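Quantities reported herein were computed from a predicted structural model and do not represent experimental measurements.
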Amino acid sequence: MQAQPRSGLGYFFYGFDIAVSPGIRRFVLMPLLANILLVGGALYYLFSHLDSWINNWMGQIPDWLSWLSYLLWPLLVITILATFSYFFSTLANFIAAPFNGLLAEKVEEKLTGQKVNDDGVLAVVKDVPRIMSREWRKLVYVLPKAIGLFILLLIPALGQTLGPILWFIFTAWMLAIQYCDYPFDNHKVSFNDMRNSLKQKQGKAYTFGMLVSVLTTIPIINLFVMPVAVCGATAMWVHEFRGQYVSR
């Protein structure tokens, strides 16, 4: 199985083919289980409260802007779905990070035919503190921007119109970083170098992240997004970035 040039969307769909391929399926199980438990539970809670949240938010709009309600209602629904899905997907990724890293390692080995780590599963266990530190580094990068966008959303009319668009773009970028980071981190590429590399391929990074963002808001489908995204992002690493960091 060889990685070929693809679009950002193409890498995600290729990730599905990889995830169900022999030799990879068993490494998909733990990330899949973490995603089902966290994201599934979060979305059940969300859909049981969504209507009241939307009504309360819409009540803050001034009467003279009430004509915007038909536009703002779907934007708010999409924003809340995206926010919840992103938050709990991030939490699931944080918990499942060692398993996602191992999945990315096995996918890279399948695509390249070269070992990524010769020390076996024990080395992965020993590396857990460093992996979790990397996840914390992502959170530190994300939180200030997420808080700023959340404050923007609280501004009547302006924030509720512009905020959802900016949030969607921001979420796409952060999901690209989240999933592409696993294969980069397996090779000890620094977080800043990883971000700079993705900026060189922004079109592919954003379209990959946008598709992941949309799929994480769709019930049932979102339960399977995490391992597929890890596989697709690893394929992107192999073809688009690996040559910059790994000698052949």
Side-chain angles (χ1 to χ4, degrees), residues 3 6-21 24-47 50 77-108 110-111 131 135 138-139 142 146 164 167-186 198 204-238 240:
R6 287 174 167 83
S7 65
L9 303 180
Y11 277 116
F12 179 86
F13 290 116
Y14 184 42
F16 178 81
D17 292 337
I18 299 171
V20 298
S21 65
I24 298 298
R25 288 192 293 260
R26 60 195 176 104
F27 295 103
V28 166
L29 183 60
M30 287 307 295
L32 182 60
L33 182 60
N35 208 38
I36 288 174
L37 291 176
L38 282 170
V39 176
L43 288 176
Y44 174 80
Y45 176 82
L46 170 63
F47 281 110
L50 182 61
V77 170
I78 293 171
T79 301
I80 292 174
L81 282 172
T83 302
F84 246 70
S85 299
Y86 175 72
F87 176 79
F88 282 97
S89 293
T90 299
L91 182 59
N93 274 293
F94 192 93
I95 294 172
F99 303 108
N100 285 337
L102 181 61
L103 173 59
E105 177 182 315
K106 297 306 177 182
V107 169
E108 182 175 344
K110 187 178 185 69
L111 294 177
I131 293 173
E135 291 301 307
K138 294 178 196 175
L139 286 177
V142 170
W167 182 262
F168 179 69
I169 296 172
F170 166 74
T171 301
W173 175 244
M174 289 314 308
L175 286 172
I177 285 179
Q178 177 67 58
Y179 289 108
C180 289
D181 188 53
Y182 293 118
F184 276 90
D185 189 41
N186 282 341
L198 288 184
K204 295 186 178 185
Y206 272 106
T207 52
F208 178 87
M210 285 177 180
L211 179 58
V212 174
S213 180
V214 170
L215 294 179
T216 55
T217 66
I218 302 175
I220 307 301
I221 290 178
N222 57 14
L223 302 179
F224 302 92
V225 166
M226 180 195 291
V228 173
V230 172
C231 293
T234 304
M236 188 188 301
W237 150 264
V238 168
E240 306 289 343

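Atoms NZ and OG1, on Lys106 and Thr234 in that order, are 13.0 Å from each other to the nearest 0.5 Å. Atom CG of residue Leu103 and atom CE of residue Met226 lie 10.5 Å apart, to the nearest 0.5 angstrom. Interatomic distance, CD of Glu108 versus CG of Asn186, reported as 7.0 Å (0.5 Å rounding). Rounding to the nearest 0.5 Å places CZ of Phe27 at 8.5 Å from CD of Glu105.
Within the 3.5 Å criterion, the main-chain N or O of Met210 finds no donor-acceptor partner in the side chain of Ser213. A donor-acceptor distance shorter than 3.5 angstrom exists from the side chain of Lys204 to the backbone of Arg6, with no hydrogens or angles considered.
The minimum heavy-atom distance between Cys231 and Ile24, with the atom names listed, is SG-CG2, 4.4 Å. Of all heavy-atom pairs spanning Ile169 and Tyr206, the tightest one is O-CE2, 3.7 Å. Between Ala19 and Arg25, the closest heavy-atom pair is O-CG, 3.5 Å. Closest approach of Tyr182 and Ala104 over heavy atoms only: CB-CB, 3.9 Å. Counting all heavy atoms, side chain and backbone alike, Gly209 lies closest to Leu175 at O-CD1, 3.9 Å. Taking each heavy atom of Ala229 and Phe208 in turn, the nearest pair found is O-CZ, 3.4 Å.
For Leu29, the side chain to side chain contact (heavy atoms under 4.5 Å, CB included) criterion is met by no residue, not counting sequence neighbours. Under the side chain to side chain contact (heavy atoms under 4.5 Å, CB included) criterion, Ala176 pairs with Ala205, not counting sequence neighbours.
At a threshold of 4.5 Å between non-hydrogen side-chain atoms, the residues Tyr11 and Thr207 do not count as touching. Inter-residue side-chain proximity for Leu215 and Phe12 is flagged as met; some heavy-atom pair is nearer than 4.5 Å. Using a 4.5 Å heavy-atom threshold, the side chains of Ile177 and Val142 count as separate. Counting heavy atoms from C-beta on, the side chains of Leu211 and Phe13 come closer than 4.5 Å.
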_For a side-chain contact (heavy atoms from CB on, under 4.5 Å) check, start with the C-alpha distance between Val20 and Phe16, then their side-chain angles and the critical distance, and finish with the verdict._
CA-CA 7 Å; Val20 298; Phe16 178 81; 4.2 Å; yes
*Leu198 and Trp173: side-chain contact (heavy atoms from CB on, under 4.5 Å), yes or no, with the steps?*
CA-CA 9 Å; Leu198 288 184; Trp173 175 244; 3.7 Å; yes
